[in-house]
J.: 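If you scroll down you'll find the structure; I have some questions about it.
Quick note: numbers below take in every heavy atom, side chains included, and nothing from hydrogens, waters or symmetry partners. Sequence lines set the chain letters: A, B, ... in the order given, protein chains first and strands last, and positions in each chain run from 1.
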Number of protein chains: 4
Amino acid sequence: MSTAPRTARGNRTRAKLLEAAEAVFASVGYHEASIVKITEAAGVGLGTFYLYFDGKQAIFDEVVEDLNRRVRHAMTDAARNAANRMEAERAGFRAFFRFTAQHPALYRIIRQAEFVSPGALRLHYTRIVNGYIEGLKSAQAGGEVRDMDPTVAAWALMGIGELIGMRWVLWDEEGAPPVEGARPEVPEEVFEEMMQFIERGLAPDTRPSSTPPQEGTLP
Amino acid sequence: MSTAPRTARGNRTRAKLLEAAEAVFASVGYHEASIVKITEAAGVGLGTFYLYFDGKQAIFDEVVEDLNRRVRHAMTDAARNAANRMEAERAGFRAFFRFTAQHPALYRIIRQAEFVSPGALRLHYTRIVNGYIEGLKSAQAGGEVRDMDPTVAAWALMGIGELIGMRWVLWDEEGAPPVEGARPEVPEEVFEEMMQFIERGLAPDTRPSSTPPQEGTLP
Amino acid sequence: MSTAPRTARGNRTRAKLLEAAEAVFASVGYHEASIVKITEAAGVGLGTFYLYFDGKQAIFDEVVEDLNRRVRHAMTDAARNAANRMEAERAGFRAFFRFTAQHPALYRIIRQAEFVSPGALRLHYTRIVNGYIEGLKSAQAGGEVRDMDPTVAAWALMGIGELIGMRWVLWDEEGAPPVEGARPEVPEEVFEEMMQFIERGLAPDTRPSSTPPQEGTLP
Amino acid sequence: MSTAPRTARGNRTRAKLLEAAEAVFASVGYHEASIVKITEAAGVGLGTFYLYFDGKQAIFDEVVEDLNRRVRHAMTDAARNAANRMEAERAGFRAFFRFTAQHPALYRIIRQAEFVSPGALRLHYTRIVNGYIEGLKSAQAGGEVRDMDPTVAAWALMGIGELIGMRWVLWDEEGAPPVEGARPEVPEEVFEEMMQFIERGLAPDTRPSSTPPQEGTLP
DNA sequence: GATGAATGAGTGTTCATTCAT
DNA sequence: GATGAATGAACACTCATTCAT
């Protein structure tokens with residue numbers, strides 16, 4: 001059974017392992033990632049691994065957890081000072097793509113999780129989606145978003161972000177399988193088109209018939 | 001080196017292997033799927049496998065290829081007799097979800113492909129997206145869809161379908177990781193909400209300023 | 001899951017492994033015996049082992065079973081043509097020591113079994129003891145052995161054989177730990193002393209005072 | 001290299017380790033017993049172990065030594081105030097079984113010693129047997145035991161005690177492999193049958209026909 | 001005197017692949 | 001065309017031992 005580190009040195013070792021694991025999982029995937037590769041990348045002995053983690057699964061779960069926490073923080077931080085809901089949405093998506101660009105691990109690891117750790121996978125998506133849902137609800141309360149089921153909308157947004165990110169952040173132009181390292185973010189035009197699509201999908205109805213006040217301005 | 005079957009018996013054997021492989025990959029994933037499991041499921045000898053396929057990767061690629069062809073046929077078939085573009089879109093999505101429900105393998109196998117066979121993964125998405133793009137282009141020509149970049153729209157649609165499908169088709173309610181076997185399709189309300197979202201996102205502008213005829217009705 | 005061999009070649013391989021395992025277990029003990037050592041001794045590939053046995057424990061159990069069967073056969077065969085019970089006992093013990101001399105594995109493996117496979121250990125002793133018990137019972141019926149609890153007597157005999165065998169068959173004079181290879185049997189004087197001890201322990205009472213009644217029935 | 005403790009505190013630590021080791025070896029066997037388990041059971045740090053013992057083997061040897069000393073003391077103490085040789089024998093066996101019941105470790109550890117520390121094993125048996133031999137010799141001098149080779153007799157007694165003890169002290173009725181904890185001693189009937197067997201095996205010849213006094217009754 | 005983080009050789013086991021039948 | 005016995009590289013994981021603190 002692995003133990004939490006009790007010393008500063010132990011804390012450092014554990015962190016090195018976690019970081020190395022993220023990199024290795026991201027670059028070769030869960031199954032090709034051997035403990036030896038991880039410990040070598042971390043610069044520690046093989047046995048050391050088992051001082052801090054119960055096994056390959058365990059560190060994988062922690063990596064997923066960690067990435068999930070970080071991407072959500074990145075998104076909420078970015079959305080914090082937005083003027084309105086739509087600005088917040090844009091900021092959130094930008095942060096998401098930026099994070100993806102800096103941590104390609106996110107996608108690659110999450111996709112592996114399907115078979116490796118289904119629970120972790122669901123938790124990951126659910127947490128992000130829940131963030132969307134909350135945002136959408138308050139936007140609906142403020143009249144900024146039309147009255148649709150926020151859960152459906154949230155999953156739709158998640159899907160849009162996921163595949164747009166995959167296509168424009170992860171896939172290098174017509175190239176080889178993506179590897180680690182920083183990547184360009186989503187091109188501005190693409191981002192704008194995507195946001196237009198989302199905003200229209202969520203926009204409240206503006207049918208003239210439903211806005212009597214304007215009619216009052218008529219002569 | 002594998003050989004194309006030369007006899008009718010050989011054709012049958014090859015088909016049995018392909019079918020078995022799909023089932024095995026879908027239920028336990030690529031890495032847990034051993035050649036022995038596949039040949040046992042197919043009811044043939046272990047050595048026979050290598051008469052028809054060059055290896056595990058090779059049969060995996062063929063399974064992906066096969067699934068991709070089938071899901072696209074299902075979608076285009078469904079959309080064929082649609083009255084207009086939006087009807088076609090609805091029919092396509094429905095077909096996509098139905099196929100997913102009947103072949104959970106689709107998702108599960110595709111997600112594995114990221115590391116196993118990146119080329120196959122990209123081909124899969126690209127082919128479906130290309131179908132969307134074509135449809136969107138012709139809809140734009142007919143004025144049914146607004147003038148946005150059809151590629152961005154296509155990837156957005158793909159993402160929506162992917163995650164809505166994952167959430168409502170593959171995940172059993174609050175439960176264990178999805179396994180094989182047929183599942184319920186997406187609930188009607190969810191489908192409708194999703195389609196509303198998409199339709200609004202794609203709908204041509206109906207700004208009064210751009211529709212002078214309406215202005216003429218004013219006094 | 002291991003499979004029974006289906007071919008003659010497979011049968012040979014399995015037998016080679018079993019024989020090699022007996023030798024390796026006997027010479028270095030269960031824990032030091034690695035599968036590699038066994039397969040090398042058997043002259044087969046490492047992976048081949050798992051075609052025939054489920055693991056180290058499994059082959060160990062089979063080796064114990066096998067040794068047990070053989071030692072019992074050796075004993076009953078030897079006792080078969082004995083004139084009377086006591087002759088049978090002597091023949092049985094001689095066979096036991098001879099077997100031990102030729103298969104030092106017997107002792108060494110059995111002693112290991114305590115922790116490795118307690119069930120196998122108990123079965124081993126119980127089976128041999130049961131043989132003794134039966135023999136003792138019929139000897140009692142014939143008046144050759146006094147009326148004591150045959151189970152207690154059987155375990156006592158077992159113990160005598162075990163430790164006399166250990167001392168005179170397995171331990172080379174004042175020397176290093178015993179290794180494999182044939183050894184001298186128990187010296188004749190020791191054997192004779194031991195049998196005397198046993199025979200007296202089992203001999204029926206011959207007090208004249210206890211049999212006069214029968215004599216009294218004579219005319 | 002381990003050091004003898006120099007302080008009272010050190011003495012206590014060493015004793016704790018020895019006690020813990022006996023318990024751990026007894027319950028899981030030599031190979032499953034890890035130094036960590038022992039130090040945890042002793043309530044000391046892992047590194048501390050190597051302050052007092054050179055390694056796993058070394059502490060094992062000490063545990064064997066210790067158990068051997070204690071069982072012999074138990075036996076000689078019990079036999080000390082016996083009226084005659086046979087009483088002493090009975091008392092010794094009783095003490096042996098009682099010790100076994102209270103320290104199942106004895107058997108379990110001894111059986112492991114075969115491969116772990118063959119020297120320790122031989123020393124253990126030899127010491128106990130030597131005690132028997134001495135006792136038998138003096139009994140022979142006193143005419144209480146017949147004139148047989150005392151070494152053979154001693155090993156026979158050892159064997160009887162060993163297997164009767166194993167069967168009735170260690171094996172719970174028809175049950176699972178024995179674990180630690182106190183156990184019932186050998187049932188009285190069994191003990192009595194065993195002693196009868198031994199006494200007859202050792203008893204001096206008392207054939208009336210061979211006793212000259214009777215001859216004197218002849219005319 | 002005491003500690004526990006670090007190490008890496010060694011183990012059991014799996015499985016894609018080959019090839020003689 | 002079909003088979004399955006044989007192979008060995010590769011992996012996750014354990015644990016006795018060392019040593020800096």
J.: Distance check: side-chain N/O of D:Y52 vs OP1/OP2 of E:dA2, anything under 4.0 Å?
T.: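 Yes, such a contact exists.
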
J.: I'd like to know if C:E19 and C:R14 make a salt bridge, using a cut-off of under 4.0 Å between side-chain N and carboxylate O.
T.: no

J.: Taking A:N11's backbone N and O only, do any of them form a donor-acceptor pair with A:K16's side chain (distance below 3.5 Å, no angle check)?
T.: no

J.: Under 3.5 Å, which donor-acceptor pairs link side chains of residues 38-49 of chain B to any protein atom two or more places apart or in another chain?
T.:
unit_1	atom_1	unit_2	atom_2	d
B:T39	OG1	B:I35	O	3.0
B:T39	OG1	B:V36	O	3.0
B:T48	OG1	B:G45	O	3.3

J.: Please report the interatomic distance CZ(A:R122) to OG(A:S117), rounded to the nearest 0.5 Å.
T.: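 Atom-to-atom, A:R122:CZ and A:S117:OG are 12.0 Å apart.
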
J.: For nucleotides 18-21 of chain E, tabulate all protein N/O to nucleotide N/O atom pairs closer than 3.5 Å, reporting atom names and distance.
T.:
none

J.: Write down the distance between NZ (D:K56) and P (F:dA16), rounded to a whole number of angstrom.
T.: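 Computing the D:K56:NZ to F:dA16:P distance gives 4 Å.
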
J.: Nearest-Å distance, CZ (B:F53) to P (F:dA2)?
T.: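 That distance rounds to 12 Å.
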
J.: Kindly write out the residues that satisfy ring-ring contact (aromatic ring centres under 6.0 Å, His included) with A:Y30, not counting sequence neighbours, or none if the list is empty.
T.: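 Here the qualifying residues are A:F25, A:F60.
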
J.: Would you compute the distance between atom CZ of B:R111 and atom CG of B:L121 and round it to the nearest 0.5 angstrom?
T.: 10.0 Å

J.: Please determine whether a side-chain nitrogen or oxygen atom of C:T48 lies at a distance below 4.0 Å from atom OP1 or OP2 of F:dA5.
T.: no

J.: Starting from C1' on E:dG12, measure out to CZ on C:F60 and report it in whole angstrom.
T.: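 The distance from CZ of C:F60 to C1' of E:dG12 comes to 16 Å, rounded to the nearest Å.
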
J.: How does DNA chain E read in dot-bracket, base by base from 5' to 3', with Watson-Crick or G-U pairs under 3.5 Å and | used when the partner is on another strand?
T.: .||||||||||||||||||||

J.: Is any side-chain heavy atom of B:F115 closer than 4.5 Å to one of A:H31?
T.: no

J.: Mind checking the CD1-OH spacing from D:I110 to D:Y125? Nearest 0.5 Å is all I need.
T.: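 Here the rounded value is 6.5 Å.
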
J.: Can you pull out the residues from residues 30-40 of chain D that lie within a 4.0 Å heavy-atom distance of DNA chain F?
T.: D:A33, D:S34, D:I35

J.: Send over the distance from C:F49 CZ to F:dA5 C1', rounded to a whole Å.
T.: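 Value for this atom pair: 16 Å.
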
J.: For the residue pair B:H124 and B:E65, establish whether any side-chain heavy-atom pair is separated by less than 4.5 Å.
T.: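 B:H124 vs B:E65: side chains apart.
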
J.: How close or far is atom C1' of F:dT17 from atom CD of D:Q57, stated in whole angstroms?
T.: 15 Å

J.: Under the side-chain contact (heavy atoms from CB on, under 4.5 Å) test, which residues partner C:D66, sequence neighbours left out?
T.: C:R69, C:R70

J.: Quick check: on DNA chain E, is the nucleotide nearest A:G45 upstream (toward 5') of the one nearest C:G55, or the reverse? Name the residue that is more 5'.
T.: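 Final value for this comparison: A:G45.
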
J.: Hey, is the main chain of C:A21 close enough, under 3.5 Å, to the side chain of C:K37 for a donor-acceptor pair?
T.: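 Not confirmed, C:K37 side chain does not pair with C:A21 backbone.
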
J.: Counting side-chain heavy atoms from CB outward, which of F:dT17, F:dA5, E:dT17 is closest to C:L51?
T.: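 Per side-chain heavy atoms of C:L51, the pick is F:dA5.
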
J.: Which residue, D:G43 or A:T13, contacts DNA chain E at a nucleotide closer to its 5' end, judged by nearest heavy atom?
T.: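 Per heavy-atom nearest nucleotide, the more 5' residue is D:G43.
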
